[in-house]
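This report refers to the structure that appears directly beneath it.
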Number of protein chains: 2
Amino acid sequence: MNKTHTYSYARPALTVDCVVFGYEEEALKVLLIQRNIEPFKGGWALPGGFVRVEETLEEAAIRELKEETAVENIYLEQLYSFGALQRDPRERVVTVAYYALVKLSEHKAQGGTDAADARWFPLEALPKLAFDHKQIIEVAFKRLQAKVRYEPVGFELLPKRFLFSAIEHLYETILQRKIDRRNFRKKMLSMGIIKQLEEQEENVAHRKGHYYSFDKKEYEKMIKKGFSFEI
Amino acid sequence: MNKTHTYSYARPALTVDCVVFGYEEEALKVLLIQRNIEPFKGGWALPGGFVRVEETLEEAAIRELKEETAVENIYLEQLYSFGALQRDPRERVVTVAYYALVKLSEHKAQGGTDAADARWFPLEALPKLAFDHKQIIEVAFKRLQAKVRYEPVGFELLPKRFLFSAIEHLYETILQRKIDRRNFRKKMLSMGIIKQLEEQEENVAHRKGHYYSFDKKEYEKMIKKGFSFEI
DNA sequence: CCAAAAGTGTTCACGGTACACCCATGC
DNA sequence: GCATGGGTGTACCGTGAACACTTTTGG
């Protein structure tokens, strides 16, 4: 397929880029790929690529994620579109950025078919990034900080069953401040959207913690009744 | 300039569209233009157009607004990017939508150089709209409803000096619910970001109301100190 | 017995909410 | 004097925030 495409006016190229967040060892991580083509060959960048004319923006984001990082079935939401003139040194490129949340514990697989390498980096220790991707990650992180307070998206970063302390630490990590354990537990449990499971921690050198899970069904039922999540 | 532009892969066209809100006679209005070319010729649509390769997205939005509606110097913010496959019947077009807030009282001028006509329509009585513009307006309105609660953007819709009751009605209109006058006044004034002016209403068949103005300088000072607006 | 994390209640202050009457003005 | 909208205060309740000790377990 060597067909070329001709238009009466110059068109900016259109791409999607994805900021994929994961949570592991009480740290927020971002999935990056090592570029195997110029520009910034060998450098780290957000997974992403050109939008095809026969796919929607979201479809493009999902496809690129799958091709480059083998990540699938995750929380995905549009973030912002970036259109600075010199954000790509080759030519004018506008990118629609998405951010995604993955249950890292259930997505160990890394590196898709296209990228040289895909790796998780702590948000606190990112490598030098290609294009304006550092700025995009900053915007994504701010969005995550805001979102986590009024929508239960934090659970997208945790395994299906988790210790209560895991949500607590997750919130401390994302909001970057200490949280009062008693008040947090009181508030979170009072909303009635997470349920305690039978199972408990095993083989720990301290009192066993209960496992919990997010009750998405119940949450959606409550939303319909006018409930609004808030932390 | 009859140059054509050729690319190895097909590119979606890229446009910007603007949802411009105004407030008049206690109603929210949206600025629409009547299209003078196909498709939807003669129909109403959001002001907008193609993004040129030498301008940023925001510059494109500002330019289109000026050309089509003669609106300038307004609050403008990116809303969302829409990329459904069939949103434009001609070909694949992705649009980056912006929303804007104007002081309608100071922007009576209508109709720019490009559009056949530009008119303000009450949000409650929009005509049939071209493309997916109805959906875009809905998203914009939801954003406005959310935004007005945690940022003082409502003042962008009011004249520089306004009666206190004007903000009150503005909030009732946007949030679509009754607001308690005493509580609202207490809260709004307690934030210290609007100041009472000397002038009062004239020639009204009731007690004269004071004029107020939004103190943007003070607001920005307070923001730096960690203050956050909330209604 | 020690270290480590889980789990648990109470008090206080502040802010949100509900609520109704008088004031000034023009006609 | 009447219609119209402007302007004002209080009481109650619920929620957010501060705060420390006991429990369980493995080593």
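Values below: all heavy atoms of this structure, side chains included; hydrogens, waters and symmetry mates excluded. Protein chains get the first letters and strands the later ones, always in sequence-line order, with residue 1 at the start of each.
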Starting from the first five and the last five pairs of the helix from C:dC1-D:dG27 to C:dC27-D:dG1, work out the angle between the resulting helix axes, to 10 degrees.
0°
Could you name each residue pair satisfying salt bridge (charged side-chain N to carboxylate O under 4.0 Å, His left out) that touches residues 69-79 of chain A, not counting sequence neighbours?
A:K66-A:E72, A:E77-A:R143, A:E77-A:K147
Pairs touching residues 220-231 of chain A that satisfy salt bridge (charged side-chain N to carboxylate O under 4.0 Å, His left out), sequence neighbours left out
A:E218-A:K221
Any side chain to side chain donor-acceptor pair (under 3.5 Å) involving residues 121-137 of chain B? Give me the pairs, sequence neighbours left out, ordered by first then second residue.
B:R87-B:D132, B:K134-B:E138
DNA chain D: first to last nucleotide in contact with chain A (atom under 4.0 angstrom from a heavy atom), 5' to 3', is D:dG16 to D:dG26
List the atom pairs, donor and acceptor, that lie under 3.5 Å between side-chain atoms in residues 151-162 of chain A and the rest of the protein, sequence neighbours left out.
| residue | atom | partner | partner atom | Å |
| --- | --- | --- | --- | --- |
| A:R161 | NH1 | A:E199 | OE1 | 2.7 |

Mind checking what makes side-chain hydrogen bond (donor to acceptor under 3.5 Å, both in side chains) contact with A:T15, not counting sequence neighbours?
A:T95
side-chain contact (heavy atoms from CB on, under 4.5 Å) filter on B:R185, not counting sequence neighbours, yields B:F164, B:L189, B:Y212
Which residues satisfy the ring-ring contact (aromatic ring centres under 6.0 Å, His included) test with A:F40, sequence neighbours excluded?
A:F131
Protein within reach of the bases, or only the backbone? For nucleotides 3-11 of chain C, mark each nucleotide 5' to 3' as B, S or -, using heavy atoms under 4.0 Å.
BBBBBBBB-
According to side-chain contact (heavy atoms from CB on, under 4.5 Å), who are the partners of A:H169, at least two apart in sequence or on a separate chain?
A:Y23, A:E26, A:S165, A:E172
State whether the number of non-hydrogen atoms from other residues, nucleotides or ligands found under 6.0 Å of A:K187 atom NZ is greater than 12.
yes
Going by salt bridge (charged side-chain N to carboxylate O under 4.0 Å, His left out), name the pairs with one or both residues in residues 201-216 of chain B, residues two or more places apart or in two chains.
B:K195-B:D215
